[in-house]
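Step one of this worksheet: look at the structure below.
Excluded from the calculations below are hydrogen atoms, water molecules and symmetry mates; all remaining heavy atoms, backbone and side chain alike, are included.
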Amino acid sequence: MLQILAWCLAASIAIYLLAVGIMVFRQRSLLYRPLPAPADPQSAGVTWMRRVERNGRLQGWFAPPPSPDAPILVFFHGNRGTLARVAAKTTPWRDAGVGVFAATYRGYEGNPGHPSEAGLYEDGRAALDWLSQAGFSAAQLILYGESLGTGIVTQLATERTCRGVILEAPFSSMTEIAAGRYPWLPCRWLLRDRFDNLSKIGDITVPLMILHGARDRTVPLVHARRLAAAAPEARLVVLEEADHLNLYESGGMAPLLSFIKDL
């Protein structure tokens with residue numbers, strides 16, 4: 001009996017160590033999930049957008065604003081996002097007279113390299129630099145982050161001037177997400193890319209809106225409430241029928257356009 005118990009204990013320890021090893025060595029492949037087939041604006045049905053490339057790397061798709069001083073939404077998508085899916089959301093913005101820059105990252109859309117927290121911050125800065133060099137002012141830019149993209153936007157908003165910030169389905173930190181999903185693993189010590197939004201959001205000085213679905217299981221609503229508590233001036237909008245991916249379909253566009261108008 002003791003031998004059987006010892007074998008079971010050894011097997012349990014081996015399985016646990018294997019799980020820890022996967023977290024250590026494969027965590028970025030679990031976090032970043034680029035899809036393999038990039039599209040172009042024409043095939044995505046958004047002929048009003050064009051590709052933006054720099055130094056052989058795709059930076060995103062751009063739909064210029066209808067007037068030189070109109071707002072531009074700079075959109076950073078989530079970990080499984082694509083430019084085609086972002087572009088499908090641009091029609092209401094275009095109709096409202098807002099330009100859109102849909103940014104992409106290293107390792108996504110056929111770009112070389114591998115995603116990382118530091119790398120995505122660099123890609124975000126490069127997108128803002130391109131807009132500046134194209135003649136658009138920082139006062140026109142509304143930084144918009146979706147899920148993982150909220151980590152990029154929160155960082156950029158502490159570094160750069162902009163007109164406002166929108167966070168859709170944001171998380172307090174990637175560490176908290178991982179710890180909630182894998183409570184039996186030492187995620188707080190092992191995670192490399194932490195995207196600590198909670199520690200940064202209080203440093204955002206421009207108007208801020210947080211949009212979240214009450215039925216979101218991917219990023220539970222408590223994350224948005226923590227962020228709103230750390231940024232008392234933020235406008236928190238909770239959509240009772242929305243989950244992680246259907247905020248626009250659940251009435252999210254109206255408060256977003258209202259926030260843009262107030263800016």
Side-chain angles (χ1 to χ4, degrees), residues 28-29 31-68 70-136 140-153 156 160 162 166-169 218 244-249 252-253 256-257 260:
R28 282 181 172 150
S29 65
L31 174 57
Y32 307 108
R33 307 294 295 275
L35 297 178
D40 58 69
Q42 287 68 36
S43 65
V46 285
T47 55
W48 56 86
M49 304 192 80
R50 64 180 178 89
R51 290 168 58 93
V52 172
E53 297 184 20
R54 187 179 185 186
N55 298 327
R57 183 187 296 269
L58 177 66
Q59 290 189 282
W61 295 356
F62 181 50
S67 61
I72 300 172
L73 203 69
V74 190
F75 197 108
F76 296 89
H77 64 66
N79 70 331
R80 290 183 63 88
T82 66
L83 292 175
R85 188 174 63 78
V86 174
K89 303 170 76 169
T90 62
T91 300
W93 297 110
R94 178 172 174 259
D95 293 344
V98 178
V100 178
F101 187 105
T104 191
Y105 322 128
R106 63 194 63 204
Y108 282 74
E109 303 288 339
N111 274 334
H114 300 283
S116 67
E117 181 178 5
L120 266 58
Y121 292 159
E122 290 181 12
D123 296 336
R125 295 179 190 117
L128 299 187
D129 290 343
W130 183 89
L131 287 163
S132 175
Q133 292 164 11
F136 299 104
Q140 292 178 257
L141 307 184
I142 303 166
L143 306 186
Y144 189 130
E146 169 198 74
S147 193
L148 176 66
T150 65
I152 304 169
V153 164
L156 294 178
R160 304 288 185 98
C162 62
I166 298 171
L167 303 179
E168 177 186 328
T218 303
H244 192 65
L245 296 174
N246 67 346
L247 282 85
Y248 279 29
E249 296 84 351
M253 182 54 68
L256 287 170
L257 290 176
I260 298 291

Would you mind reporting whether [Y] and [X] have side-chain heavy atoms less than 4.5 Å apart?
X      : Y      : result
His77  : Thr104 : yes
Leu257 : Trp93  : yes
Leu131 : Phe62  : yes
Trp61  : Val86  : no
Leu156 : Val74  : no

*Identify which one of Asn111, Leu58, Asn79, Ile152 satisfies the side chain to side chain contact (heavy atoms under 4.5 Å, CB included) criterion when paired with Tyr105.*
Ile152
*With sequence neighbours excluded, what pairs up with Glu168 under the salt bridge (Lys or Arg N to Asp or Glu O under 4.0 Å) test?*
Lys89
*Could I get the full list of salt bridge (Lys or Arg N to Asp or Glu O under 4.0 Å) partners for Arg51, not counting sequence neighbours?*
Glu53
*Scan for side-chain hydrogen bond (donor to acceptor under 3.5 Å, both in side chains) pairs involving residues 120-129, sequence neighbours excluded, and state none if there are none.*
Arg106-Glu122, Arg106-Asp123, Glu117-Tyr121, Tyr121-Lys200, Arg125-Glu159, Asp129-Arg160
*Qualifying residues under side chain to side chain donor-acceptor pair (under 3.5 Å), relative to Ser116, sequence neighbours excluded*: none
*Using the test side chain to side chain donor-acceptor pair (under 3.5 Å), find all partners of Arg33 that sit at least two apart in sequence or belong to another chain.*
none
_Partners meeting ring pair (Phe, Tyr, Trp, His ring centres under 6.0 Å) with Tyr248 (sequence neighbours left out)_ = none
*asked:* Keeping Glu146 on the side-chain end and Gly78 on the backbone end, is there a donor-acceptor pair under 3.5 Å?
replied: yes
Contact summary for [X] and [Y], nearest pair of heavy atoms:
X      : Y      : result
Thr150 : Gly145 : CG2-O, 3.2 Å
Ala70  : Gly97  : CB-O, 3.7 Å
Arg57  : Pro112 : NH1-O, 3.1 Å
Ala87  : Met49  : CB-SD, 3.9 Å
Arg54  : Ala126 : NH1-O, 4.0 Å
Val98  : Leu73  : CG1-N, 3.9 Å

Would you please name every residue forming a side-chain contact (heavy atoms from CB on, under 4.5 Å) with [X], sequence neighbours left out?
X      : value
Ala88  : none
Ser132 : none
Ser43  : Ala39, Asp40
Pro115 : Tyr32, Tyr108, Leu120

*Which residue pairs satisfy the salt bridge (charged side-chain N to carboxylate O under 4.0 Å, His left out) criterion with at least one member in residues 92-105, sequence neighbours excluded?*
none
*What's the verdict on side chain to side chain contact (heavy atoms under 4.5 Å, CB included) for Leu245 and Thr218, showing C-alpha distance, side-chain angles and the deciding distance?*
CA-CA 9 Å; Leu245 296 174; Thr218 303; over 6 Å; no
_Over 60° means perpendicular and under 30° means parallel, so tell me whether Phe101 and Trp130 are parallel, tilted or perpendicular._
tilted
*side chain to side chain contact (heavy atoms under 4.5 Å, CB included) between Phe75 and Leu83: does it pass, once the steps are laid out?*
CA-CA 10 Å; Phe75 197 108; Leu83 292 175; over 6 Å; no
